Structures are given as C-alpha cells and as structure tokens.
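Below is one structure, written out as structure tokens; the observations come after it.
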Amino acid sequence: MVQTRLVAISLALASLASSQCPFADPGRLAARAEGRPESREHLKSYEVDDGDGFLTSDVGGPIEDQNSLKAGERGPTLLEDFIFRQKITHFDHERVPERAVHARGAGAHGTFTSYGNYSNITAASFLGAKDKQTPVFVRFSTVAGSRGSADTARDVHGFAVRLYTDEGNFDIVGNNIPVFFIQDAIQFPDLIHSVKPRSDNEIPQAATAHDSAWDFFTQETSTLHTLFWAMAGYGIPRSFRHMDGHGVHTFRLVNENGDTKLVKFHWISKQGKASLVWDEAQHVAGKNADFHRQDLFDAIASGNFPEWELSIQMINEDQALAFGFDVLDPTKIIPEELAPLQPLGLLRLDANPANYFAETEQIMFQPGHIVRGIDFTDDPLLQGRIFSYLDTQLNRHGGPNFEQLPINRPVVPIHNNNRDGAAQNLIHKNTAPYTPNSLNKGFPKQANRTQGKGFFTAPGRQASGALERRRSSTFQDHWSQPRLFFNSITPIEQQFLIDAIRFETSGLSREVQQNVLVQLNKISHDIAVRVGKTLGLEAPAPDDTYYHNNKTRGLSIFGQELPTIATLRVGVLASTESSDSLTQAKSLKDEFKASNVTVTIVGESRVDGVDQTYTGAEAVGFDGIIVTDGTEKLFDVKNKSTLFPPGRPLQIVVDGYNWGKPVGFLGKARDVVGAAGASEGAGVFIKDGAADIVDEFKKGLATFKFTDRFAQDGQ
Ligand code: HDD
C-alpha cells in the first residue's frame, strides 16, 4: 500500500516536472533560440494541466472514487447520483458534427515571418515590416472522406492557414491544387453529393471511383481541370509537408492609399513536392490510415519544422481578362510565365496541438476572415464561400459564439455589440450595447481610415449591372487548361494520370464511361484512345477545338529532385542471426544521421538495436530500403518462421522496388535483386559495404521515385 502510494507520488512529481520544464518540446526551444514567443503562447492561459490536484466534478467538488451510487452493495443506481449523470451526460455529448467536407485532417501551430515591408502593395499589418512575426495555425485535410477515413485516399487536399495578425485573424482557406471543380458556389452541394458515398449503402468511403462522381464530372465540365490535377500525383501526396498550398481564387491587395492589385496566394513547400504512386497509396491506407497526420506530428515533435514560402502572383486590375481567360474563374491557373511568383515571407510549423479536439477540430476557418489590406473579388465561388463557412460553423458549434473558443480568438481585443447566445464566455460590462450611443461615450467607436484605420473593402471597388442568373461568357472554356496541365507534366506523370482515370472509371456504368471518353477527347484524342483501350471502348473522332501544344512550368512533381532529404525514412533490413548484418545496419544508421534521415533497423526481434520487427515492418513505412549482408536466410522462401508473416522480408523489397523507391543491397544481399524481381538500373544500389552506399543512396532519396521502373503505353 505504502509502496503504491510512493509510486503514485513519484509519477505525479515526474509529470509535474515534465509539464513545467521549459525545454520540453522542440518548438519552444526553437522559439527561445530565436528570441520570439512560442507559437502556441496565445493559448497558454486556457490550458489545463492536471499536473496536480484531486479529481473533481465539473463544478469543483472532489470525487472520491469511480463507483456509481447504489441502493445497497448490489442494488440499482440512484437518480440522485449527480456525479454519474454529469460524467455520462458529458460523454454522451462529446461529439460535434464533423465538417461537411474536409472532415479528416491534422493541424499544427507555427509562425509567419515577413521578408519585408510590403506596405506599398497592402495595408495588411502582418506584411508591414521586415522580420515581423505572426502566429499561425494550419490545418491540412482530405475533402471527401469522413473523420475516420484513411489519409492516403486520392483526393484534393485542404491547406487552410490562419494568421493571428495584430489586426485580426486572416484565413487563407486553400487547397494543394490551385484550381477548383466548379465556377459558382451554388453548385457546391451538387459536387459534394456526387463525390460522397452513395445515399443508399454509403459506399464507397473517401473515393471518387464511382458512377455518380464521374457522372457529375462529365455533365459539369468545369470539373475537368481540377480532376486532372487530382488524378495526377497531386491527389496522393507523400505527406502534407510535401505539398504546396494555394488560395485558388484571385484576391485583392489594397494599400493605405486604396490602390489595388489582383493576387493569387501560394504556399510553396521548402521540402519540395513529392507524391506516392497509386498502388502504394492504397497499401498505406490499409497499413497506416494515419500516415499523413503521423508524419506531420512526428516531424514537428522531432524538431524538423516544415516550411513554406508565401508567394504571390500579382497583376493589375485591368489585366483580369488579358490572358485569354478570366482571372475571376477559379478553374483557371495564371501560368507562371504570365505572372511570376514573388515571395513575401516564410511560414514555419513548430508546435503540435496539445489537444486535437480543442485546437484542430474546433478551429473554424472562413474565407470571410480577412484583414485590412486584403479584399475579395467578384469570383462567384468565393462570394458563396464567404457565406457557407459561417453558416456551417453555426451548425457545428450550435451557437454564434464559436469565435470565442481559444483556437478561434484573435490575439487582439474584440469590441462590438454582439451579445449573449449559447456558451457566451465574455462578461460584457457596457450597458449601452448599440452604436451610436452616448451613454457609453460612444464606445466602442467606429474606425475610419485615419482613426482606428478601418477599411475592409477597397475604396475604389465598384459593382453594377443588370441582375442575371447565368454563367459568365468568359467562363466557358473548360478544356484548354486541362490540356495545358497534361502537356506540362512528364510522360510518366501523364501515364500515372491515365492509369488513375483507368482505375477510377473501370467500374462505371457503360453510359458514364462513354461520357468520360467524350470529355477526354475534347482535351486530347490520345488520352481518350488510351483510356478507351482499357475500357474496351472506341474513342470518338478527334475533337480538336481546344487542342494546343502550350506548356507551363512548375507543375511536374516526379523527376524534380527534393531540396532536402531530412526526415525521409530508410528501412535497413537486418537479421538478428548475423552479427555482421547488425553491425552494418548500425553503421548505416550513424552515417545517415548527419543528413537527418531516419533509419529504422528491421530484424526478427527487438534485440541488439533492432527498431522494428518484420511483423510490423512494411515498405509503406520507408522512402528507401537497404538490405544488409548476412540476411540470406530471411529471403529464402522456404524459410518459414513464426517471427514474421510468410515472405515478409522479400515483400518489403518487392514493394519498395515496384513503388519506385531507391533500394540498396550490400555484399551477398545482391542475390536478393533477382529474387525481388528487380533489375540493375537507376535507383538500385549494389555495393560491398555500408560506407560505399551512403552518398549515392542519399542522392537516390532526393530523386525520391525512380519512374523508369514503370511501364508506359506504347513502349
Ligand atoms: Fe470549402 C471546408 C477549401 C469551396 C464549403 N473548404 C473547407 C476546408 C478547406 C476548404 C481547406 C477545411 C478547412 C479546415 O481545415 O477546417 N473550399 C476550399 C477551397 C474551395 C472551397 C479551396 C474552392 C476554391 N467550400 C467551397 C465552396 C463551399 C465550401 C464553394 C460552399 C459553397 N468548405 C465548405 C464548408 C466547410 C469547408 C461546408 C466544411 C467545414 C467548414 O467549412 O468549416 O463550409
């Protein structure tokens, strides 16, 4: 008894110590080193630590034990048991509605640092001075799947950024694809109903490979451009860290004089862009449904803070129609050749949420959260979004006070006449909650451009015209830019895109398949022929109205060397029965450490430095695989062991090779090359010892995928 109490006390002290230790997490360390506040600082006053104290009821009374109050030792529970009722009632109400779209996601805190003073183009204060720092929270997501769906489902990915600026919250609620499926927000429910699971059996989860999705894609052809991006590598990123983000719409920047420019916002990944291949993504979904959220969490927890550069494309107001399309049309990119990327600042994520629900689940982004110096445009998709997010958040929160939740509060004081409502957290003392008033001396006062610096709407913005319920004639071309996208990626990426369409359409009804070919044929006859070949359907005659050979830069993912290999993961296959193998594995681990590459030593059991057993190891867990010398027995298919599923060590190499990863073989392990169905060539490194392989293998990791291992049509 005494011993149990001592253990309990020492555990309590240990947890107290760790919670108070200022150096507990790398984000805090980094913030200290750079002399800036920790990025979660503004949430600290809301934290509940439980580092000490007694268990209490919600209203503070101490709770003695975890038994319900009964009439007699074996009797029924009493209604009187308020402790029981409070606990169970709270549990019964723990869930809030998941987001209607983007339900599955993960987020992190960080800091945005402005590269300069950009007051010549925008009054936005977070861009007003060189090195100015602003706390941020970013939430990444998939769109269609529900909250428990797999991270690697093929999908557009959400990239929502909140900047807690010193003039209020500014949200850029974007995606990893710079265009969107529809041109008018009124069609959003139709789009989402078509991609969500069937209404009768709720199948399939988090997938567009079904009739209704492709029916909508072919009936509403504005979808084709975004669809092409999603069918390419953009639909299956390697991690959230390896994707760019885009504000999608054209926005306005407004300076203090009221001068405006049209802009597109982009977050360019400093990790580079990298993607999985489809077969791999499907395996990941089964083996580790939390693949992306884990990657983000682990990277930040280990002090490898992901970074993105905020870049804009900026054009003049009179250039809105200058490029042969309308910049108000969210299905169009502005090719970089027409408006180069201009970097404005650096976003760095350096702290994980302390509580997923309170922070990641309760953050409520809105395209309508803008700050002075940023303005909307008349893009009809943006206009509708400004309404929808507020509305859906009223539903999720159950009342209008969700902006008072810690994660939603701005870091500046709020003064207005909004009052009451469910879960009102503030105690308003002003008894004249109306404007204008004299009883409170006119406070809170209205701002203007010289006092309080108010303006959200660009002073010169105008709108006029007859009321019309129709799509703009400048929004009609749905086929030129999907073709531009296709022309601008490499042949193997084109192949992946075609293979994805083949996969997605293979189970559709004949009628929808025919419609798919009609639309593909308007983009490219070649694509229609290639997809038609798998479907067993003949492509229509070429329909060349929109055919062209233009290309733009920056769209390719595969074949671009990654700027850094830090945090990439190498699986080193070893055998606990061979000391040579283990020594080699350990020296590889040391050699890769300098590049911040994570080496996982895989062995039959967790002894002698083995990090993971073959029972738990899979190629999906590694970006590259090296087989050590002395492991021959593991690759002998006749070697049935109870320590791993049949054939697992070989399967790891087979999968790694087939998914384009760099693979290495040391000493006698070179025999595995043939057994794994691999052949010598790019990305296959056959060496004698550990020291010989490291440098080349690092280059292999930067190449990331060796795409010459994949077949291409017509070869
Ligand atoms: Fe949306 C969530 C991105 C069009 C209605 N959207 C949501 C999120 C992202 C986007 C990243 C998740 C934010 C988070 O992490 O909490 N949505 C986009 C982009 C669009 C877009 C880039 C086109 C450019 N969305 C769009 C339209 C509508 C909506 C046209 C409705 C008319 N979106 C919503 C929503 C969500 C949402 C239903 C669900 C949960 C939420 O808002 O807070 O209101």
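All ligand and atom numbering here is 1-based and tracks the order in the structure. Bear in mind the structure is a predicted one, so any value in this text is a computation, not a measurement.
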Measure from NZ or CZ of R162 to the centre of the six-membered ring of F365 and say whether it is under 6.0 Å with the direction within 45° of the ring axis.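 Here R162 passes the 6.0 Å and 45° test against F365.
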List every atom of ligand 1 that sits less than 4.0 Å from any heavy atom of [X], numbering the atoms from 1 in the order shown and giving each element.
| X | answer |
| --- | --- |
| G174 | 11 (C), 22 (C) |
| H249 | 24 (C) |
| A185 | 32 (C) |
| T392 | 40 (C), 41 (C), 42 (O), 43 (O), 44 (O) |
| L381 | 23 (C), 24 (C), 30 (C) |
| F365 | 13 (C), 14 (C), 15 (O), 16 (O) |

N316 side chain vs D318 backbone, donor-acceptor pair below 3.5 Å: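 Pair absent, no side-chain N/O of N316 close to backbone of D318.
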Got a sec, which residues hit ring pair (Phe, Tyr, Trp, His ring centres under 6.0 Å) with F402, two or more places apart in sequence or on another chain?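 Ring pair (Phe, Tyr, Trp, His ring centres under 6.0 Å) list for F402, sorted by chain: empty.
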Mark yes when over 12 heavy atoms from residues, nucleotides or ligands other than E202 sit less than 6.0 Å from its CD; otherwise mark no.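 No, the 6.0 Å shell around CD holds no more than 12 heavy atoms from other groups.
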Is the number of heavy atoms from other residues, nucleotides or ligands within 6.0 Å of CD1 (I186) greater than 12?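 No, because the 6.0 Å sphere around CD1 of I186 holds 12 heavy atoms or fewer from other groups.
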Pairing donors with acceptors under 3.5 angstrom, does anything connect the side chains of T567 and N304?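 Judged by distance alone, the side chains do not pair up.
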Going by atom types alone, do H292 and D151 pair a side-chain donor with an acceptor below 3.5 Å?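 There is no such pair (donor and acceptor under 3.5 Å, judged by atom type) between the side chains of H292 and D151.
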Are any of the N/O atoms on R139, whether in the backbone or the side chain, positioned under 3.5 angstrom from an N/O atom of ligand 1?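 Between R139 and ligand 1, an N or O pair is found under 3.5 Å apart.
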When only distance counts, is S141 in polar contact with ligand 1, meaning an N/O pair under 3.5 Å?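 No, no N or O pair falls under 3.5 Å.
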Which residue owns the protein heavy atom closest to [atom], what's the atom, and how far is it?
| atom | answer |
| --- | --- |
| atom 22 (C) of ligand 1 | N175 ND2, 3.1 Å |
| atom 43 (O) of ligand 1 | Q393 NE2, 3.1 Å |
| atom 16 (O) of ligand 1 | R99 NE, 2.7 Å |

Relative to ligand 1, is M364 under 4.0 angstrom through side chain, backbone, both or neither, heavy atoms considered?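 Neither part.
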Spell out the protein N/O/S atoms under 2.8 Å from atom 1 (Fe) of ligand 1 as residue plus atom name.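 You should have found Y389 OH.
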Just verifying a value: how many Å separate E41 CD and H109 NE2, rounded to the nearest 0.5 Å?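 Answer for the CD-NE2 pair, E41 versus H109, is 11.5 Å.
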For the ring pair F496 and F558, is the centre-to-centre distance below 6.0 Å?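 Ring-ring flag for F496/F558: true, centres closer than 6.0 Å.
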Do the rings of W308 and F140 sit parallel, tilted or perpendicular, given the 30° and 60° boundaries?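 It falls in the tilted class, 30° to 60°.
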In the structure I gave you, are the side-chain heavy atoms of V195 and F216 within less than 4.5 Å of one another anywhere?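 No, their side chains stay 4.5 Å or more apart.
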Do L262 and F251 come close enough that some side-chain heavy atom pair is under 4.5 Å?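 No, their side chains stay 4.5 Å or more apart.
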